[in-house]
Amino acid sequence: MANKIIFPENFLWGAATASYQIEGAWNKHGKGESIWDRFSHTPGKILNNDTGDVADDHYRLWKKDIGLMKKIGLQAYRFSISWPRILPAGRGRVNQKGLDFYSKLVDGLLEAGIKPFVTLYHWDLPQALEDEGGWTVRSTAEAFADYADVVMRTLGDRVKNWITHNEPAVVAWLGYETGVHAPGMTDPVKAVAASHHLLLSHGWAVPVIRRNSPGAEVGIALNCNWTVAASNSAMDLDAHRRSDGKWVRWFADPVFGRGYPADVVEDFKRLGTLPDGTNFIQPGDLDIIATPMDFIGVNYYNRGIIRVNAPGNEPQNIFPSPQTPEHWTEMGWENHPDGLVGVLARYYFGYQPPKLYITENGASYSTPPDENGNVPDVHRVNYLRTHVAAAYRAIQAGVPLAGYFVWSLFDNFEWSFGYSQRFGIVWVDYASQKRILKDSAKWYKTVIKRNGFQTV
Ligand code: IFM
């Protein structure tokens with residue numbers, strides 16, 4: 001029997017992007033170098049040596065891009081600000097042209113009736129700050145609060161939805177421990193310090209945002225897969241605990257006032273990544289990190305099945321086969337919508353944030369345009385439909401979910417995978433910069449219009 005899913009009134013439908021992934025113009029109009037410029041310009045770091053130098057050329061095409069957002073009917077657009085576009089050296093001299101770009105973008109969005117959701121940090125740290133130690137040193141967290149102040153003085157009057165950081169776990173662990181992301185450091189001890197300074201900078205930025213933007217809502221976007229232990233063996237259960245602790249609780253617990261989880265502190269001590277005598281966590285830091293927020297942003301993509309091959313080894317994901325495109329995206333991530341219900345319920349019932357947004361959810365499929373110029377991305381439509389339905393189930397279970405942002409509005413630079421992975425609901429032809437609304441964008445348009453959809 002057909003069933004109608006209608007979302008609560010005022011539920012916000014949006015799409016998300018990030019500065020380095022779409023803007024291009026890496027050295028235009030006074031922008032400083034970011035760690036992703038340096039990293040992508042280093043041969044061998046990114047698949048095919050792709051860079052974000054041009055990306056979607058959004059810095060030049062932003063007006064047309066707002067036109068596309070209107071065409072889809074987006075009610076909100078989540079984008080991030082490039083710190084080195086505003087402060088080329090990370091602190092000090094302000095690049096007015098950079099501020100002007102975002103100011104015009106915000107005006108354009110508001111004129112189009114689209115609510116801007118702005119992320120202050122989606123990974124493009126000024127290289128000048130990295131040269132002083134990046135997130136491994138406290139002074140970067142201090143610089144972040146000053147950067148937030150500069151941005152807020154210009155945009156705080158018009159932007160009322162702010163996200164301090166996107167996925168600090170990814171920044172700390174991939175950027176400073178495994179080194180597959182910029183700045184490419186492989187120092188597990190410094191990575192733990194980086195995680196703390198990221199969180200501290202979040203806590204410092206919250207009051208700066210509130211002070212400059214009366215009535216603004218502030219939150220942080222945390223990544224959270226739905227993970228389960230591969231078996232009931234003590235080894236796999238412990239691997240799951242460790243992995244969840246490091247990726248999820250290490251970040252969620254302190255921002256919600258619980259401090260760092262004791263079991264993960266023990267893990268880090270045992271591994272030597274939090275050596276005795278460590279003093280980067282200073283008295284009062286945890287209170288700052290726990291500054292109350294208005295919402296939590298949840299970035300959800302997939303399930304992880306966690307096991308370990310020997311006691312104490314790094315937890316691993318297992319990937320059952322066959323991996324059919326319906327159930328596995330081209331990132332090799334499992335399409336597991338029920339996990340979204342679980343993750344939303346976990347954050348709400350576990351931590352009691354006032355409200356939640358799904359700040360990212362989406363799938364990589366490379367379906368190209370057909371001979372008629374359409375992009376029949378059926379697997380993405382299936383992924384999005386099943387996840388939006390899951391979001392609805394979470395609301396029915398009592399989760400105060402206030403909005404949903406597709407990742408991503410555009411195909412774009414997918415970090416170490418370069419342009420090989422396409423997450424967009426809008427196809428981007430990188431050679432011509434032509435955009436095409438994929439079938440998923442057309443489907444999303446109807447969902448937004450009806451504030452829901454009809455299930456089959
Ligand atoms: O593209 C990224 C985004 O920048 C952060 N969250 C996950 C997405 C897909 O990998």
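Throughout, residue positions are numbered sequentially from 1 according to the sequence presented. As the structure lists them, so they are numbered: ligands from 1, and atoms in each ligand from 1. Predicted model only: the values in this text are computed from it and were never measured.
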Show me the donor-acceptor pairs within less than 3.5 Å that the side chains of residues 420-429 make with the rest of the protein, sequence neighbours left out.
{"residue": "S420", "atom": "OG", "partner": "F417", "partner atom": "O", "Å": "2.6"}
{"residue": "Q421", "atom": "OE1", "partner": "S364", "partner atom": "OG", "Å": "2.4"}
{"residue": "Q421", "atom": "NE2", "partner": "E330", "partner atom": "O", "Å": "3.3"}
{"residue": "R422", "atom": "NH1", "partner": "D411", "partner atom": "OD2", "Å": "2.6"}
{"residue": "R422", "atom": "NH1", "partner": "V428", "partner atom": "O", "Å": "2.9"}
{"residue": "R422", "atom": "NH2", "partner": "V428", "partner atom": "O", "Å": "3.4"}
{"residue": "D429", "atom": "OD2", "partner": "S432", "partner atom": "N", "Å": "2.8"}
{"residue": "D429", "atom": "OD2", "partner": "S432", "partner atom": "OG", "Å": "2.5"}

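- Here the two rings, on W123 and F39, have centers that are 6.0 Å apart or farther.
- Residues forming a salt bridge (charged side-chain N to carboxylate O under 4.0 Å, His left out) with K442 (at least two apart in sequence, or on another chain): D439.
- Annotation: side-chain hydrogen bond (donor to acceptor under 3.5 Å, both in side chains) contacts of Y20 (sequence neighbours excluded): S40.
- Taking the ring centroids of W407 and H122, they lie under the 6.0 Å cut-off.
- Listed by chain and number, Q21, H122, W123, N166, E167, Y301, W333, E360, W407, E414, W415, F423 each place a non-hydrogen atom less than 4.0 angstrom from ligand 1.
- Judged by distance alone, the side chains of N225 and H336 never bring a donor and an acceptor atom under 3.5 Å apart.
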